[in-house]
Amino acid sequence: MFENVDPAEIAQACIDTLVMLGASLALTVLIGIPLGVLLYLTDRRRPLARPWANLAVGTIVNVLRSVPFIILLIVMIPVTVLIVGTSLGVAGAIPPLVVGAAPFYARLVETSLREVDRGTVEATQAMGATTWQLVTRTLLPEARPGLIAGGTVTAIALVSFTAMAGVVGAGGLGDLAIRFGYQRFQTDVMLVTVLLLVVLVQALQWLGDMLVRRTTRR
Amino acid sequence: MIRFEGVSKRFAGTGGEALRAIDLDVAAGEIFGVIGASGAGKSTLVRLVNALERPTSGRVLVDGVDVAALDAAGLRGLRRKVGMIFQSFGLHSSLTVADNVGLPLRLAGREARERQERVAVLIDRVGLAVHEAKYPAQLSGGQKQRVGIARALATGPSILLCDEPTSALDPETTRSVLRLLRELNRELGLTIMLITHEMEVVREVCDRVAVIDGGTVVEMGAAADIFLDGQHPATRRLISEAGEGAPAVAPEGMALVRLTRRGAGSAAPIDGAEVLEGRIGRIGGESYSDLVLAVQPSEVERLSSLGRADRI
C-alpha cells in the first residue's frame, strides 16, 4: 500500500498547485472586479449607460466563458509564450487560468453589484457622489459579502482548472494524478492527490464562508 | 425656492407621459406636500429637483438656477444643498450609524475632525446618540429614518426632499418622524418638499399641498383647504381613504352624510343626527370636524347650512 507515493514529489505538487491557485486567483480578482464594475455601470439605466460598450464587453466575456478550459489551454499557448516566455510549468499555466476564470468572476461581481439596494445607490447619488465614489464608497463595500462568496466559488473552480492544466505539463496535484495515477496505473498516487484536492476545496469553502459571515452586517 | 415651469417627463419605451405640464412653486421655509395615489408620478416629480431624473421638456429651477443646465461639478454642488430621504431609507448596511451620517461629508472631502464634530451634533439632534456605533440592521424603522434625516442634513442643505418618508413606518413612529421634520423646518428654516400617498401625513405637517393624478397637478392650495374642502375626485378619494376601517352603514330609513365644518364652533352638537364616525382636530392652526352622520333624509338640506355636506 502507498509504495508509489513519494512524499517529496507530493509536497512539490502541493506547492505548485497552491502557487498556481494563489497567483491566478489574485490576478482573476484584480481583473474580474473592474470588469464586473464596467459591466454593471454601462448597463441600461446605470450611471455610465453605454449600451454598445456593454454589449461588446458582455459578448467577449460570454465567448471566453463558453470555451471549454481544456481547449482554452491549448489555444492560449502562443499568447502564453508571449506573456511569460514559456507555455510550460507553473508560470505557463497562469495566463490560461486567469483568462478562464476572470470572465466567470466578472459575471459574479456584476450580479453582486446588481443586488446592492437600489435606494442606497440612489441615496449616494443624491449626496453628490462622483461615479468613482459611488463605486468605492457604496457599490463595492455594500457588495462585499457577495464579492467574497463569488471569489470562493471562483477559487474552487480554479482548483479543478489547475488539475486540468496538468495536461499541458503545468505541474501540481492534477499533473501528478494524470501522469502517475492514471497513465501508470498507480492507484495509490491517484487516491492521495484526489484526497488532497478534497481537503483544499473544503478549506477554501470554510475560509470563504467565514469571511462572508464576518463582513455581513445585515 | 423650487420652481417647476411646464415640466413634462416621458420615459423611453413606456409611451405615456409620467408627468405633464407641471407648474409648481415651493416657497422658502415651507413644508410643501405632494400627494397622489401610487403611480401618479410623484416620485419622479421630486427626483427632478436634484436631477436624479431629467425633464423631457420644461425647466426645474432651484434657487433660480436651471438644474438641467448644471455641469457635473455644479450638479454635485446642488446635491449638497439639497438633502433627500427615502421610503426604504437607503442606508449603507456595511457602515455604522455614525459613518452613515458622516458619508456625505466624506464624499465632499471634509476633514476627519470636522466630520466627527458635525456627526455628533446631528446624531444627538435626531435622538440617536446611544446608537451611533450600531449598524442599520440593528435599528427599528423609525430609527433608520432618523439616521436618514441626519445624513441628509450633514452638508447643511437648505432644502430637504422627502420621498414617502413614513410609508414604511407604523402610525406612532410616523407621527414622531413628522414631528422631527416639523421641528427641523422651524429651527433651520429648512424648505421641505414631501411626497406621500397618505392624507394623514399632509394633515400632520404640510403648509401647502399639491394633489397629483395621472401625471398632472389637479388641485393645489393650503393644506387645510385641500384636506377639508378639496373638490377634485382624486382629492376626495385620498381623503376618504384617510377614514378608518369599513365604511359606515346607514340605519334603516336614514341618509348618510359626510359633514365637514371649519373654524370656531366646528365641534358644536348637531340636533337629530347620529354620529357614526368622525374626527375633530386642528389642521394648519385651524380647528375642524369631519363627521359621518345618519340623519332623516329631510334633514340633509339643513346640514348644508352648517358646513360642507355630501351624501354618501
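Order of the sequence lines sets the chain letters (A, B, ...), proteins ahead of strands, with each chain counted from 1.
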Measure the NE2-CZ distance between B:His92 and A:Arg137 for me, rounded to the nearest 0.5 Å.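 So the gap between those two atoms works out to 9.5 Å.
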
Working to the nearest 0.5 angstrom, can you tell me the gap between B:Arg151 CZ and A:Thr124 OG1?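 Rounded to the nearest 0.5 Å, the CZ-OG1 separation comes out at 7.0 Å.
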
Given a strict heavy-atom distance threshold of 4.5 Å, which part of A:Thr216 is in contact with chain B: side chain, backbone, both, or neither?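 The answer is neither part of A:Thr216.
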
Name the region of A:Arg45, side chain, backbone, both or neither, that has any atom closer than 4.5 Å to a heavy atom of chain B.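 When you check distances to chain B, only side chain atoms of A:Arg45 fall under 4.5 Å.
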
Positions in [range] that reach chain A, provided some heavy atom is under 4.5 Å away:
range: residues 45-72 of chain B; result: B:Arg47, B:Asn50, B:Leu52, B:Glu53
range: residues 27-35 of chain B; result: none
range: residues 102-122 of chain B; result: B:Leu103, B:Pro104, B:Arg106, B:Leu107
range: residues 154-168 of chain B; result: none

Can you list the steps and then say if A:Arg217 with B:Gln138 is a side chain to side chain contact (heavy atoms under 4.5 Å, CB included)? CA-CA 9 Å; A:Arg217 304 285 185 198; B:Gln138 298 166 282; over 6 Å; no

Please report the shortest heavy-atom distance between B:Gly90 and A:Ala123, naming the atom on each side.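 The pair with the smallest heavy-atom distance is O-CB, 3.6 Å.
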
Closest heavy-atom contact between B:Ser88 and A:Gly119?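 In terms of heavy atoms, the two residues are closest at OG-CA, 4.2 Å.
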
Within a 6.0 Å radius of atom CZ on B:Arg3, are there more than 12 heavy atoms belonging to other residues, nucleotides or ligands?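 It does not: B:Arg3 CZ has 12 such atoms or fewer within range.
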
Given the rule in the side chain to side chain contact (heavy atoms under 4.5 Å, CB included) test, do A:Arg118 and B:Phe86 qualify, once you have shown the distances and angles that lead to the verdict? CA-CA 11 Å; A:Arg118 222 181 73 95; B:Phe86 302 85; over 6 Å; no

Please determine, among A:Pro145, A:Ala129, A:Gly128, the option with the most heavy-atom pairs under 4.5 Å with chain B.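 Of A:Pro145, A:Ala129, A:Gly128, A:Gly128 has the most heavy-atom pairs under 4.5 Å with chain B.
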
Kindly say whether B:Leu91 contributes a backbone atom to a donor-acceptor pair with the side chain of A:Thr120 at under 3.5 angstrom?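 Checking the backbone N and O of B:Leu91 against the side chain of A:Thr120, a donor-acceptor pair under 3.5 Å is found.
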
Looking at side-chain heavy atoms only, is the closest gap between A:Glu142 and B:Ser93 below 4.5 Å?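 Answer yes - side chains close enough.
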
